[in-house]
Asker: 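Pasting a structure below so you can have a look.
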Amino acid sequence: MNVREKVIEIIAEQAVLDPSDVKPEHTLEDLGIDSLGLVESIFAIEEAFDISVPFNANAPEESEFDISSVEAIICAVTGLVSQQA
Amino acid sequence: MRRVVITGAGTINALGHDVPTTLEAMREGRCGIGPLDIRDVDRLAVKIGGQVKGFDETEHFNRQQIALYDRFTQFTVLAARQAMAQSGLEFRGALADRSGVVLGTSGGGLTTQDENYRVVYEEGKNRVHPFIVPKLMNNAAASHVSMEWNLRGPSFTVATACASSNHAMGLAFQMIRSGMADAMITGGSESMLVFGGVKAWEGLRVMSKDACRPFCATRNGMVQGEGAGVFVFEEYEAARARGAEILAEVVGFAMSSDASDIVMPSKQGAARAIAGALADARLDRGQVGYINAHGTGTAANDKTECAAVADVFGTHADRLMISSTKSMHGHLIGGTGAVELLACIMALRDGVIAPTINYEEPDPECALDVVPNEAREADVDVVLSNAFAFGGLNAVLALRKAE
């Protein structure tokens, strides 16, 4: 499973949706994921890829990790995974 | 209804090991937050806290006591000694039977838990010290205080996360006011600055890695502290009859539940508790001169709290002062309201309003007089102390200047 599929799977599970219903352009808000769902998703991503995601719930917009859409999250995770490799 | 006054106060926290040192630090706007000195700190992402420094348990307790007192109990007993010495009260006979201990804590003996999980899980040992349970239980501190000063009436521990000690003190107040008890030792304690305690908070991603900056546009989260605040609450006529020094009068208390979210605060829940405390004290909102804020320095709390204050006080919200001393001593979780009550006493008795330090730039969503960076002299008659816990459990106390 590649990064894209895995991230979508994690987000879909959090949103209680089928992965096929999660589109790259969706925001987390579109998917009904709240602040707790977000930190849980980030935790799941960290565990799945063995990476550390720079994210502070107090200032999401200032975090280096872009969460503005599913596509943005996939890009950010891809970046972190490649840095680690 | 009977009146309730505070006749003794004690504390140990990151700002000082007693009340005068703590109040001096608050007056000077000193910061007690710094690098954490705990085991495995290199494995933490959050490496700062309001840690109690220079504390040697062997200076205060004997070997048997240390074997039974977790750090949170040590903090409590130390603060209770100071409060009892100041009050001059002794619990004997009928007074002992009608006096008790209500304390707040969230984590209880977390140091003991952390150390002993290491022993069995990390080190793989199959034997632990026999006193782990009496040491870690949340009521250990309340029980040791009752034993040391012979309080034989109603005693228990309250755990409502960040509102624990405000709930505890509010209940102690109500118990004396209603005639159920004549004197109470109350307040709270917390000692969560251990690897597991900080790691758990880290997971929630609401902690700051550099500083606690409540109400400031650049705030980026809370910083944990540790310590205790303990008070002697007493029925007013009895305190006056024995010539006790009255530090302040407790005049109102209200609790509310948001009934909405396990971590996100609610403006309505906070506002109901603030308005409830005023109504309970039969105070007009215009009488309130200062509010010791919950002011955690998280994005969510500070704007919600300011909106709740604006809602309750209307135009008077712009005339009152509101500060968060957590910027100096950190968030003591279950003990925080007790240490913050000291700032309320300082405001009423000494006419000094503790500042919100680390304040850099205004946040339009927190547009109140937050007493930035420097303490202020002001004559205030009535103050409030806010506490809004995770889980949406709110507790607000109202205090008035001693007559």
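Proteins come first, then strands; the chains are lettered A, B, ... in the order of their sequence lines, and each starts at number 1.
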Asker: Sequence neighbours excluded, which residues qualify as salt bridge (charged side-chain N to carboxylate O under 4.0 Å, His left out) partners of B:R30?
Answerer: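 Here the qualifying residues are B:E24, B:E28.
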Asker: Given heavy-atom pairs under 4.5 angstrom as the criterion, report whether the side chain, backbone, both or neither of B:L204 touches chain A.
Answerer: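 Both the backbone and the side chain of B:L204 come within 4.5 Å of chain A.
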Asker: Listed by chain and number, what are the ring-ring contact (aromatic ring centres under 6.0 Å, His included) partners of B:Y117, not counting sequence neighbours?
Answerer: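 Per chain and number, B:Y117 pairs via ring-ring contact (aromatic ring centres under 6.0 Å, His included) with B:Y121.
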Asker: Against chain A, label B:V263 side chain, backbone, both or neither, depending on which of its atoms sit under 4.5 Å from a heavy atom there.
Answerer: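 Side chain of B:V263 only, per the 4.5 Å heavy-atom cut-off to chain A.
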Asker: Would the number of heavy atoms belonging to other residues, nucleotides or ligands and lying under 6.0 Å from CZ of B:F195 be above 12?
Answerer: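 Yes - once you tally the heavy atoms of other residues, nucleotides and ligands closer than 6.0 Å, there are more than 12.
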Asker: Hey, what donor-acceptor pairs show up under 3.5 Å between chain B and chain A?
Answerer:
{"from": "B:R205", "atom 1": "O", "to": "A:A57", "atom 2": "N", "distance (Å)": "2.8"}
{"from": "B:R205", "atom 1": "NH1", "to": "A:V53", "atom 2": "O", "distance (Å)": "3.0"}
{"from": "B:R205", "atom 1": "NH1", "to": "A:F55", "atom 2": "O", "distance (Å)": "3.3"}
{"from": "B:R205", "atom 1": "NH2", "to": "A:E46", "atom 2": "OE1", "distance (Å)": "2.7"}
{"from": "B:R205", "atom 1": "NH2", "to": "A:E46", "atom 2": "OE2", "distance (Å)": "2.6"}
{"from": "B:V206", "atom 1": "O", "to": "A:N58", "atom 2": "ND2", "distance (Å)": "2.9"}
{"from": "B:N220", "atom 1": "O", "to": "A:N56", "atom 2": "ND2", "distance (Å)": "2.8"}
{"from": "B:N220", "atom 1": "O", "to": "A:N58", "atom 2": "ND2", "distance (Å)": "3.3"}
{"from": "B:A299", "atom 1": "N", "to": "A:N58", "atom 2": "OD1", "distance (Å)": "2.8"}

Asker: Pick one of side chain, backbone, both or neither for B:M264, based on which atoms fall under 4.5 Å of a heavy atom in chain A.
Answerer: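 For B:M264, the side chain is the part near chain A, not the backbone.
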Asker: Start with the C-alpha gap between B:V396 and B:F388, add the side-chain angles, then the distance that decides, and say whether side-chain contact (heavy atoms from CB on, under 4.5 Å) holds.
Answerer: CA-CA 8 Å; B:V396 177; B:F388 309 128; 4.0 Å; yes
Asker: Under the 3.5 angstrom rule, does the side chain of B:N13 hit a backbone N or O of B:G227 as a donor-acceptor pair?
Answerer: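 Checked: no pair found.
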Asker: Which heavy atom of B:C212 sits nearest to which heavy atom of B:I33, and what is that distance?
Answerer: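 Minimum heavy-atom separation between B:C212 and B:I33: CB-CD1, 4.1 Å.
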Asker: So, using salt bridge (charged side-chain N to carboxylate O under 4.0 Å, His left out) as the criterion, who are the partners of B:E190 when residues are at least two apart?
Answerer: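 B:E190 satisfies salt bridge (charged side-chain N to carboxylate O under 4.0 Å, His left out) with no residue once adjacent residues are dropped.
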